[in-house]
Amino acid sequence: MEEEVKSLNFIEHIIEEDLEEGYTKNDLRFRFPPEPNGYLHIGHASSICLNFGLGLRYNAPVNLRFDDTNPTKEEQEFVDAIKEDVSWLGYKWDTECYASDYFQQLYDWAIQLIKQGKAYVDSQSSEEIASQKGTPTEPGSESPFRNRSVEENLKLFEGMKNAEFEEGAHVLRAKIDMSSPNMLMRDPVMYRVLHKAHHRTNTDWCIYPMYDWTHGESDYIEQVSHSLCTLEFLPHRELYDWFLDQLVDSEKLRPKQREFARRNLSHTVVSKRKLLQLVQTGVVSGWDDPRMPTISGLRRRGYTPEAIRNFADTIGIAKRENVVDVSLLEFHAREHLNKIAPRVMAVLNPLKLVITNYEEGKEEWLEAENNPEDESAGSRQVPFSRELYIEKEDFREEANRKFFRLKLGGEVRLKNGYIIKAESCTKDSEGNITEVQCTYDPKSKSGSGTEESLRKVKGTLHWVSIPHAFAAEVRVYDRLFTDPTPDGHKDKDFMDFVNPDSLTKVTGYMEPSIKEAKIGDRFQFQRLGYFNVDTDSSEEKIIFNRTVTLRDTWAKLEQKK
RNA sequence: UGGCCUAUGGUGUAAUUGGUAACACAGCUGAUUUUGGUUCAGUCGUUCAAGGUUCGAGUCCUUGUAGGCCAACCA
């Protein structure tokens, strides 16, 4: 019955083939392997959804493995943030692993390679080693230390481990092929000396394994069947396989690396280095600034895990370069928020409106539906009075037929309330409209069932009652960059495209029910967009972030002019 | 002047492995609507190029072209 029509991506095709050719379902195991040197971003979310999605699809375990082999960049803070982000996205890892847990095993295997004559200690400077590497078009040359005796190598390597040498004095290299067309096969460094404390192993080790020597072996130790990484690691695959060739037990499962293209998002950057730059230069307030494409930024902005997962599913996975339009992300935010966000009324750019024929001092509580998409959401009461705020953009002295909002002599419905007619307006000395006077039809009350209440008027406005409203800070966000591909220009730096208007803080006026809102709560401010309560909020002051606007066909029409 | 990877509407991804190129977003029309939201209906538009194999090619072959990756004691 529930036959899935969903087509497979190329990774799933590979797995299906493997399953046909001898892998059992029990062999399948995946992993998500972040380096704890920064916060996770929307690109990582794709990888997380890929790996954990595979785990769900095949009922296979997925490890969370920290690739923590470089103590100069890695910190516990990032480990904690990464765990929080993965959990928030809704995934459960099978085992929490650390490459640093395998340092002893890796060391033992390295000794084994030395004994087999497949690794040696090089005592040259990194510059010398680099100069012997050759270029992509020219072969490299061999190190003068390449043919040291096994005994000497063992002794030096042990010395490295025992802190007998300065950083940079020696490295351990794999002995492969200095003339390989693949630069990575030209005797890659396996270990370097680093006199730095590690966030987990502290000072137990002063030699640290390099990525290539660590990653595939970690996969092997964990018996990961499919080790998925981004395309730039494709040339590493040959090395990944070479290392495995040296120590794999044929009884055990041999992991395979496969590569996919990282996902790029328009109007932003997805690179830890560049995101770090935004943080360090103060363009944003931190890694979780709501304008950041980090998972923590999106979370604070009001995005839901569902929206992000649906987004990742929709864009899929492939091997070609790509720039996914941010409007697709926004679509998924709206799609989910539309279903779950309670509707409330808030005015962000207030214009006073006085109902001249409404009794002074009178108040009424009107029934308002919480979510037309969800009957179970129920309803609430909103206060109505003689003096209201409406949005400045919702009133014009005169306008053409296309303008469905309020204009002098025109009628409009106040959401959940009455039909009103604009009679006059007052202006300040500069000609700005400061107040609108109107009359209301007492028989037109929403839901009253009267003939007048059933009348069709073209426009409906949201509003708040001035005596009942409270003020809140609203942070209105726009795209962080003005260019779709800020880092896609050879002659310009991505920082040149930072949008100076990406954040505008305004004071909004809210209906009283919103006062109960807690940090993280999401709302739809009717006719405006989706907003959530920011973590900066306190007992005294509520602060909202605008997650995303509603689709706005009127704004589009206006823009075309 | 090397090696490897990639090329499908504006964007992203599919195509039962050689059998009518589809889905989503974006755009545009219209209907519905007490949110110019939602929903619904319709519409626009696609296989990098040139050859070849074949009854038949997005898919296979050849040659181009374009883009990307590779010379960290980073991952």
Side-chain angles (χ1 to χ4, degrees), chain A residues 5-9 13 33-35 37 67-70 72-74 122 125-126 129-140 167-168 170-173 180-184 186 188-194 208 210-212 214-215 229 231-238 259 261 263 266 272 311 313-332 334-335 338-339 343 345 369 372-373 402-405 412-417 419 446-447 453-462 484 524-529 549-557:
Chain A
V5 241
K6 193 175 171 276
S7 53
L8 304 182
N9 63 44
H13 278 298
E35 182 191 9
N37 69 342
D67 230 332
D68 55 350
T69 58
N70 186 357
T72 62
K73 292 184 178 174
E74 296 152 5
D122 198 337
S125 69
S126 60
I129 292 175
S131 71
Q132 290 159 5
K133 270 265 154 124
T135 70
T137 54
E138 295 162 301
E167 288 186 10
H170 307 282
V171 291
L172 184 73
R173 290 227 259 169
S180 169
N182 183 347
M183 302 278 301
L184 289 157
R186 323 244 260 226
V189 172
M190 293 171 69
Y191 276 96
R192 76 285 213 192
V193 174
L194 250 27
Y208 290 93
M210 301 289 289
Y211 167 83
D212 287 299
T214 309
H215 202 91
C229 60
L231 235 32
E232 65 266 29
F233 289 96
L234 202 153
H236 294 248
R237 189 150 118 194
E238 193 179 358
E259 311 80 13
R263 322 305 309 185
S266 77
K272 275 189 208 165
F311 170 73
D313 281 351
T314 306
I315 62 179
I317 212 77
K319 291 177 82 165
R320 58 181 131 156
E321 288 171 76
N322 58 81
V323 182
V324 182
D325 200 311
V326 70
S327 67
L328 185 58
L329 214 211
E330 293 170 345
F331 163 80
H332 284 287
R334 291 189 186 106
E335 185 188 48
N338 177 49
K339 290 181 195 142
R343 272 59 170 171
M345 292 196 285
E369 205 179 5
E373 304 297 312
K402 295 263 189 156
F403 187 78
F404 301 160
R405 285 112 107 131
V412 94
R413 154 86 56 189
L414 291 176
K415 180 81 185 171
N416 306 313
I419 293 174
S446 289
S453 75
L454 268 13
R455 265 179 62 214
K456 299 284 175 196
V457 288
K458 191 64 186 171
T460 301
L461 306 187
H462 64 278
Q524 184 197 94
F525 289 178
Q526 284 198 304
R527 301 209 305 136
L528 296 176
T549 62
L550 255 29
R551 263 187 70 212
D552 192 346
T553 51
W554 168 247
K556 270 179 209 152
L557 282 174

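Everything numeric here is computed off the predicted structure, so don't read it as measured data.
- Listed candidates were B:G37, B:C73, B:A24. Nearest to the side chain of A:Ile129 is B:C73.
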Paired and unpaired positions of RNA chain B as dot-bracket, Watson-Crick or G-U wobble under 3.5 Å, | denoting a partner strand: .((((((..((((.....[..)))).(((((.......)))))....(((((..]....))))))))))).....

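- Counting non-hydrogen atoms under 4.0 angstrom, A:Asn322 reaches the backbone sugars and phosphates but no base.
- If you check every strand for non-hydrogen atoms under 4.0 Å, A:Gln524 touches a base.
- A:Phe403 comes within 4.0 angstrom of a nucleotide base, judged by non-hydrogen atoms across all strands.
- In the interface, the side chain of A:Arg405 is paired with the base of B:G36 through a donor and an acceptor atom under 3.5 Å apart.
- Nearest to the side chain of A:Lys319, among B:C74, B:U35, B:C5, sits B:C5.
- Using cut-offs of 30° and 60° for the angle between ring planes, the A:Phe233 and A:Tyr211 rings count as tilted.
- The residue A:Leu231 sits apart from the nucleic acid: no heavy atom pair falls under 4.0 Å.
- Counting any heavy atom pair closer than 4.0 Å across all strands shown, A:Thr553 reaches sugar-phosphate atoms only and no base atom.
- Nucleic acid contact class of A:Arg343 (heavy atoms, under 4.0 Å, all strands): base.
- In this structure, A:Gly140 reaches neither bases nor backbone, as no heavy-atom distance under 4.0 Å exists between it and the strands shown.
- Across the protein-nucleic acid pair, A:Leu550 atom CG and B:U34 atom P stand 17 Å apart, rounded to whole Å.
- Side-chain proximity of A:Met183 to the nucleotides B:A75, B:C70, B:C5 is greatest for B:C70.
- Checked against B:G36, B:U6, B:C74, the side chain of A:Arg192 finds its nearest nucleotide in B:C74.
- Counting non-hydrogen atoms under 4.0 angstrom, A:Ser327 reaches the backbone sugars and phosphates but no base.
- If you measure from atom CE of A:Met345 to atom C1' of B:U35, you get 11 Å, rounded to the nearest angstrom.
- For B:U46, the base adopts the anti conformation, since its glycosidic angle falls more than 90 degrees from zero.
- A:Arg413 comes within 4.0 angstrom of a base, heavy atoms only.
- Distance from the side chain of A:Arg320 is smallest to B:U13 among B:U34, B:G37, B:U13.
- Counting non-hydrogen atoms under 4.0 angstrom, A:Asn416 reaches a base of the nucleic acid.
- Proximity note for A:Pro136 (side chain, C-beta onward) versus B:U35, B:G2, B:C74: the nearest is B:G2.
- Contacts of A:Tyr211 with the nucleic acid, taken as non-hydrogen atoms under 4.0 Å apart, include base atoms.
- A:Pro372 comes within contact range of at least one nucleobase, with a heavy-atom separation under 4.0 Å.
- Judged by distance alone with a 3.5 Å cut-off, no donor-acceptor contact links the side chain of A:Glu321 to the base of B:G12.
- Residue A:Arg334 comes nearest to A:Thr549 through the heavy atom pair NE-O, 2.7 Å, listed as atom of the first residue, atom of the second, then distance.
- Counting distance only, with no hydrogens placed and no angle test, the side-chain atoms of A:His236 and the base atoms of B:A75 include a donor-acceptor pair under 3.5 Å.
- Heavy atoms of A:His215 sit nowhere under 4.0 angstrom from any nucleic acid atom.
- Contact annotation for A:Glu35: backbone-only contact, meaning every heavy-atom pair under 4.0 Å involves sugar-phosphate atoms and none involves a base.
- Taking only side-chain atoms of A:Pro181, from C-beta outward, the nucleotide of B:G3, B:A14, B:C70 with the closest atom is B:G3.
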